[in-house]
Peer 1: 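After the structure tokens below, expect a handful of questions from me.
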Amino acid sequence: MNNTYQLKFSSVQSIIKPGSNSRINAFIPEGEKFKPELQKLLKRFQLSLSKEIEKQLTGDSASVNLSLDTAKQISLNITKVKFEQETAVDYFRNKLAGIVQSLSKVERLYIILPSFQAVKKYFDSETYLYQSAIEGISFGNYTYNEFKSAVHKEKPLAVIFEADKKVFTSSLVKASSIMYGVEFTRNLQNAPANVITPDVLAKKIKTEAYKAGLKFQVFDEKEIAKRKMGGLLAVGAGSKNPPRFVICSYSSVKKTAKVQPYHVVLVGKGLTFDSGGISIKPASGMGEMKADMSGAAVVAGTIIAAAKMKLPIDITILIPAAENMPSGSAMRPGDIVTTSSGKTIEVDNTDAEGRVVLADALHYASKLHADVVIDLATLTGACMVALGEHVAGLFTKDDKLADSLYSAGQKTADRVWRMPLWDSYSPLINSDVADVKNVGGRWGGAISAAKFLENWAKDLKSWAHIDIAGPAFPNNSTNYTKTFMTGFGVRLLIEFIEAEIQRR
């Protein structure tokens with residue numbers, strides 16, 4: 001990845017004379033209108049259609065790069081767009097992320113997207129078309145270099161869209177708020193575990209929460225013990241860094257006797273490092289477990305984005321944060337843990353710790369009278385075995401909630417796929433000595449983990465569990481997920497929340 005930029009977005013009605021060190025990227029959908037649109041575009045920049053250009057624009061998603069002025073380093077890149085139904089809504093987000101990552105010595109980046117009429121089959125509004133493109137540029141511009149010793153100076157990059165100013169401004173305001181939350185999430189995910197301890201995680205969220213005008217509360221280990229959160233205490237018992245329980249809330253709606261705003265509770269697993277505990281993980285890849293707090297990072301980024309957007313809704317986030325380490329005081333296989341609900345857990349494997357801390361968080365959520373509770377966690381490798389790296393597992397018995405989250409995922413490309421939560425899986429986690437055990441055997445591991453959590457979600461009005469173990473981590477599905485932790489889930493949840501607001 002090249003240097004990141006100080007981005008400055010704007011729009012113009014028409015690109016006439018680009019300045020020096022400029023690159024123009026134009027996208028034209030394939031089809032019967034492709035050639036006339038191509039000729040029209042070339043004519044604007046005093047070029048004519050040649051056989052060489054036609055040849056380079058033959059085939060799927062072909063592109064051609066043309067020099068408009070070599071001395072001033074002005075170039076025009078034309079891409080022939082072929083949409084695949086499955087990935088169309090992510091097309092410009094992905095393409096523009098890759099373009100920004102490839103830039104060198106460019107000071108102005110001009111973007112010409114197709115007219116909304118040409119792509120409305122794939123985008124539900126012109127605003128979202130531009131929003132997806134802005135998100136892509138922001139994604140492509142992301143890097144994590146906080147611990148590099150070389151001084152990094154960001155260069156300014158003007159990003160100019162050819163678009164109606166009113167439509168573009170609306171898209172920019174929304175995209176900027178969302179991507180602020182995504183970047184905050186990614187910075188937490190990518191930070192090393194010797195920096196992000198449970199206490200530091202809480203403090204970083206507190207700083208952002210106060211900036212956004214949110215209410216914030218954190219329980220230290222004494223308060224956690226007072227509230228009998230035995231699951232959280234047990235998981236954090238092996239570390240010198242004690243656990244924390246974070247509560248953060250947002251509301252922009254004045255409550256009256258007649259109007260009670262829709263209330264969403266988001267629960268995020270906050271394991272700032274997961275060694276596996278006594279059931280220690282293999283050394284290979286263990287460093288990635290600095291990001292086992294991705295669920296926590298996602299819900300934090302989501303509430304901050306929602307506050308910036310001033311969404312008319314109530315949101316509460318709950319984060320059980322701990323560090324799972326092996327030591328003389330650590331939780332052991334065979335231990336029995338009593339959670340705040342009074343339910344007991346037989347610890348069969350200390351590396352199945354995320355569900356143990358979530359048990360206390362879900363019980364706390366049950367007291368908040370929420371309309372919906374959604375927990376997110378990098379919970380199981382089994383979910384990655386089932387679904388791969390590119391999609392999250394969704395578990396719920398609420399069909400409407402499942403449909404809403406699926407639709408939000410399809411629109412944002414933060415995709416989820418519904419998995420079974422049938423009661424026939426419950427025997428997998430039966431225990432002879434406690435109410436439930438924390439692992440269910442080799443088969444159906446993601447499902448038995450969700451069934452475990454369901455024991456603490458039975459009193460919730462509506463509940464979903466999202467296992468983000470795959471898409472939270474770097475993967476090759478897009479240009480913007482390859483190198484760093486991805487921030488998967490923030491855009492999904494914001495879209496879900498917005499859709500719920502519109503339905504009410």
Peer 1: Measure from the side-chain N and O atoms of Asp360 to the backbone N and O of Ser340, and report whether any donor-acceptor pair falls under 3.5 Å.
Peer 2: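 Looks like yes, one N/O pair under 3.5 Å.
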Peer 1: Do the side chains of Tyr480 and Val182 get nearer than 4.5 Å, heavy atoms only?
Peer 2: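 Val182 does not reach Tyr480 side chain to side chain.
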Peer 1: Sort and list the pairs that fulfil side-chain hydrogen bond (donor to acceptor under 3.5 Å, both in side chains) and have at least one residue in residues 194-204, not counting sequence neighbours.
Peer 2: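 Non-adjacent pairs meeting side-chain hydrogen bond (donor to acceptor under 3.5 Å, both in side chains): Asp199-Lys203, Asp199-Arg244.
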Peer 1: State, yes or no, whether a side-chain contact exists between Pro261 and Ile313 at a heavy-atom distance under 4.5 Å.
Peer 2: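 In short, these two side chains do not touch, never coming nearer than 4.5 Å.
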Peer 1: I'd like to check Ile501 versus Tyr262 (side-chain heavy atoms, cut-off strictly below 4.5 Å). Are they in contact?
Peer 2: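 Not in contact.
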Peer 1: Evaluate the criterion salt bridge (charged side-chain N to carboxylate O under 4.0 Å, His left out) for residue pair Lys281 and Glu288; output intermediate values, then yes/no.
Peer 2: CA-CA 11 Å; Lys281 294 176 180 289; Glu288 292 182 344; over 6 Å; no
Peer 1: Have His263 and Asp371 got a donor and an acceptor in their side chains that come within less than 3.5 Å?
Peer 2: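 Their side chains do not contain a donor-acceptor pair, so the 3.5 Å distance test is not met.
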Peer 1: Pair Asp398, Thr396 - check side-chain hydrogen bond (donor to acceptor under 3.5 Å, both in side chains), show working.
Peer 2: CA-CA 5 Å; Asp398 186 330; Thr396 183; 5.5 Å; no
Peer 1: Could you give the distance from CZ (Arg227) to NZ (Lys222), rounded to the nearest 0.5 Å?
Peer 2: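 Reported value, rounded in 0.5 Å steps: 15.5 Å.
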Peer 1: Consider only side-chain N and O atoms of Gln131 and Glu135, and report whether a donor and an acceptor are under 3.5 Å apart.
Peer 2: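 Glu135 and Gln131 do have a side-chain donor-acceptor pair below 3.5 Å.
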Peer 1: Count the heavy atoms of every other residue, nucleotide or ligand shown that sit under 6.0 Å from CZ of Arg442, and state whether that count exceeds 12.
Peer 2: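 Result for CZ/Arg442: open.
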Peer 1: Are side-chain heavy atoms of Met309 and Ile178 found at a separation under 4.5 Å?
Peer 2: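 In short, these two side chains touch, coming nearer than 4.5 Å.
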Peer 1: List in chain and number order the residues that pass salt bridge (charged side-chain N to carboxylate O under 4.0 Å, His left out) with Lys120, two or more places apart in sequence or in another chain; answer none if no residue qualifies.
Peer 2: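 For Lys120 there are no salt bridge (charged side-chain N to carboxylate O under 4.0 Å, His left out) partners, ignoring immediate neighbours.
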Peer 1: Side chains of Ile429 and Asn455: does their closest heavy-atom pair fall under 4.5 Å?
Peer 2: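 Yes. Closest side-chain heavy atoms under 4.5 Å.
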Peer 1: Are there over 12 heavy-atom neighbours, none belonging to Lys206, within less than 6.0 Å of that residue's NZ?
Peer 2: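 No, not enclosed.
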Peer 1: Taking the basic N atoms (NZ, or NE/NH1/NH2) and the acidic carboxylate oxygens, is any pair closer than 4.0 Å for Glu498 and Lys411?
Peer 2: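 Salt bridge between Glu498 and Lys411, a charged N being under 4.0 Å from a carboxylate O: no.
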Peer 1: Could you grab the distance from atom CG of Leu358 to atom CG of Leu318, nearest 0.5 Å is fine?
Peer 2: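 The CG atom of Leu358 sits 10.5 Å away from the CG atom of Leu318.
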Peer 1: Identify, with sequence neighbours excluded, every residue that meets salt bridge (charged side-chain N to carboxylate O under 4.0 Å, His left out) alongside Glu323.
Peer 2: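 Scan of Glu323 (salt bridge (charged side-chain N to carboxylate O under 4.0 Å, His left out), adjacent residues dropped) gives none.
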Peer 1: For a quick check under 3.5 Å, do Asn438 and Asp348 share a side-chain donor-acceptor pair by atom type?
Peer 2: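 The answer is no; no qualifying pair exists.
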Peer 1: For Glu208 and Phe184, indicate whether the former's side chain and the latter's backbone hold a donor-acceptor pair under 3.5 Å.
Peer 2: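 No: the side chain of Glu208 does not pair with the backbone of Phe184.
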Peer 1: side-chain contact (heavy atoms from CB on, under 4.5 Å) between Tyr364 and Val265: does it pass, once the steps are laid out?
Peer 2: CA-CA 10 Å; Tyr364 190 94; Val265 172; over 6 Å; no
Peer 1: With distance as the sole criterion, is a donor-acceptor pair present between the side chains of Ser329 and Ser327 under 3.5 Å?
Peer 2: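 There is such a pair (donor and acceptor under 3.5 Å, judged by atom type) between the side chains of Ser329 and Ser327.
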Peer 1: Taking Gly487's backbone N and O only, do any of them form a donor-acceptor pair with Gln189's side chain (distance below 3.5 Å, no angle check)?
Peer 2: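 Yes; judged by distance alone, with no hydrogens or angles, the pair exists.
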Peer 1: Is the side chain of Arg186 donor-acceptor paired with the backbone N or O of Tyr144 at a distance under 3.5 Å, no angle test?
Peer 2: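 Between the backbone of Tyr144 and the side chain of Arg186 there is no qualifying donor-acceptor contact (under 3.5 Å).
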Peer 1: Any side-chain to backbone donor/acceptor pair from Tyr250 onto Leu311? Under 3.5 Å, distance only.
Peer 2: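 Confirmed, Tyr250 side chain pairs with Leu311 backbone.
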Peer 1: Output, in order, the C-alpha distance, side-chain angles, deciding distance and verdict of side-chain contact (heavy atoms from CB on, under 4.5 Å) for Thr87 and Asn94.
Peer 2: CA-CA 9 Å; Thr87 57; Asn94 183 36; over 6 Å; no
Peer 1: Given side chains that start at C-beta, do those of Met286 and Ile280 come closer than 4.5 Å, heavy atoms only?
Peer 2: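 Result yes, sub-4.5 Å side-chain heavy-atom pair found.
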Peer 1: To the nearest 0.5 Å, how far apart are CD in Glu223 and CG in Asp220?
Peer 2: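 Between Glu223 CD and Asp220 CG, I get 7.0 Å after rounding to 0.5 Å.
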Peer 1: Salt bridge check: are Asp435 and Lys343 linked by an N-O gap of less than 4.0 Å?
Peer 2: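 No, no charged N to carboxylate O under 4.0 Å.
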Peer 1: Would the distance check show the side chain of Asp335 and the main-chain N or O of Arg332 forming a donor-acceptor pair, the cut-off being under 3.5 Å?
Peer 2: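 Checked: pair present.
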Peer 1: Please name the pair of heavy atoms, one in Thr380 and one in Ala469, separated by the smallest distance, quoted to 0.1 Å.
Peer 2: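 Heavy atoms only, the tightest pair is O-CB, 3.3 Å.
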Peer 1: Using the rule given for side-chain contact (heavy atoms from CB on, under 4.5 Å), can you reason through His363 versus Ser366, listing the C-alpha separation, both sets of side-chain angles and the distance that settles it, and then say yes or no?
Peer 2: CA-CA 5 Å; His363 176 63; Ser366 70; 3.8 Å; yes
Peer 1: So, Thr339 side chain and Gly230 main chain: donor-acceptor pair closer than 3.5 Å or not?
Peer 2: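 No, because the side chain of Thr339 does not come within donor-acceptor range (under 3.5 Å) of the backbone of Gly230.
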Peer 1: Does one side chain, of Arg503 or Ser404, offer a donor that lies under 3.5 Å from an acceptor on the other?
Peer 2: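 Yes.
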Peer 1: Rounded to the nearest 0.5 Å, what's the gap from CG on Asp90 to OG on Ser477? Could you check?
Peer 2: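 Asp90 atom CG to Ser477 atom OG measures 8.0 Å (nearest 0.5 Å).
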Peer 1: Nearest heavy-atom pair of Ile196 and Ala191: which atoms, and what distance?
Peer 2: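 So the two residues come closest at CG1-CB, 3.3 Å.
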Peer 1: Would you call the rings of Trp463 and His465 parallel, tilted or perpendicular, where under 30° means parallel and over 60° means perpendicular?
Peer 2: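 Aromatic pair Trp463/His465 classed parallel.
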Peer 1: Salt bridge (charged side-chain N to carboxylate O under 4.0 Å, His left out) between Lys269 and Asp467: does it pass, once the steps are laid out?
Peer 2: CA-CA 10 Å; Lys269 173 186 169 185; Asp467 192 331; over 6 Å; no
Peer 1: Work out which heavy atom in Ala446 is nearest to a heavy atom in Phe395; give both atom names and the distance.
Peer 2: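 Scanning both residues, the minimum pair turns out to be O-CZ, 3.7 Å.
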Peer 1: Does Asp399 come within less than 4.0 Å of Arg418, counting only side-chain N to carboxylate O?
Peer 2: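 Yes.
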Peer 1: Is the distance between the ring centroids of Tyr122 and Tyr91 less than 6.0 Å?
Peer 2: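 Aromatic pair excluded; centres sit 6.0 Å or further apart.
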Peer 1: Testing Glu389, Glu495, Glu86 for salt bridge (Lys or Arg N to Asp or Glu O under 4.0 Å) with Arg415, which one passes?
Peer 2: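 The single option meeting the salt bridge (Lys or Arg N to Asp or Glu O under 4.0 Å) with Arg415 is Glu86.
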Peer 1: At what distance, to the nearest 0.5 angstrom, does OG1 of Thr378 lie from CZ of Phe473?
Peer 2: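 So the gap between those two atoms works out to 5.5 Å.
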Peer 1: When you compare the side chain of Asn187 with that of Glu146, does any pair of heavy atoms fall below 4.5 Å?
Peer 2: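 They are not in contact (no side-chain heavy atoms under 4.5 Å apart), so the answer is no.
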Peer 1: Determine whether a donor-acceptor pair (N or O, by modelled atom type, separation under 3.5 Å) exists between the side chain of Asp414 and the backbone of Phe488.
Peer 2: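 No.
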Peer 1: Between CD1 of Ile315 and CD1 of Ile304, what distance do you get to the nearest 0.5 Å?
Peer 2: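 The CD1 atom of Ile315 sits 11.0 Å away from the CD1 atom of Ile304.
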Peer 1: Would you find a donor on one side and an acceptor on the other, under 3.5 Å apart, between the side chain of Thr350 and the backbone of Gly276?
Peer 2: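 Pair found, side chain donor or acceptor close to backbone of Gly276.
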Peer 1: Ser275 and Asn324: side-chain donor and acceptor closer than 3.5 Å?
Peer 2: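 The answer is no; no qualifying pair exists.
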Peer 1: Could you label the plane-to-plane angle of the Phe219 and Phe245 rings as parallel, tilted or perpendicular, counting under 30° as parallel and over 60° as perpendicular?
Peer 2: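 Plane angle under 30°, so parallel.
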Peer 1: Would you indicate whether Lys458, at its atom NZ, is surrounded by more than 12 heavy atoms from other residues, nucleotides or ligands within a distance under 6.0 Å?
Peer 2: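 More than 12 heavy atoms, drawn from other residues, nucleotides or ligands, come within 6.0 Å of this atom.
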Peer 1: Looking at Leu421, is its backbone amide N or carbonyl O close enough to the side chain of Lys451 to form a donor-acceptor pair, meaning the two atoms are under 3.5 Å apart?
Peer 2: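 Confirmed, Lys451 side chain pairs with Leu421 backbone.
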Peer 1: Do Met293 and Leu188 have side-chain heavy atoms sitting under 4.5 Å apart?
Peer 2: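 SC-SC contact between Met293 and Leu188 confirmed.
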Peer 1: Step by step, would you call Met289 with Leu271 a side-chain contact (heavy atoms from CB on, under 4.5 Å)?
Peer 2: CA-CA 8 Å; Met289 290 300 99; Leu271 267 292; over 6 Å; no
Peer 1: So which atom in Ala322 and which in Leu232 form the shortest heavy-atom distance, rounded to 0.1 Å?
Peer 2: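 Of all heavy-atom pairs spanning Ala322 and Leu232, the closest is CB-CD1, 3.9 Å.
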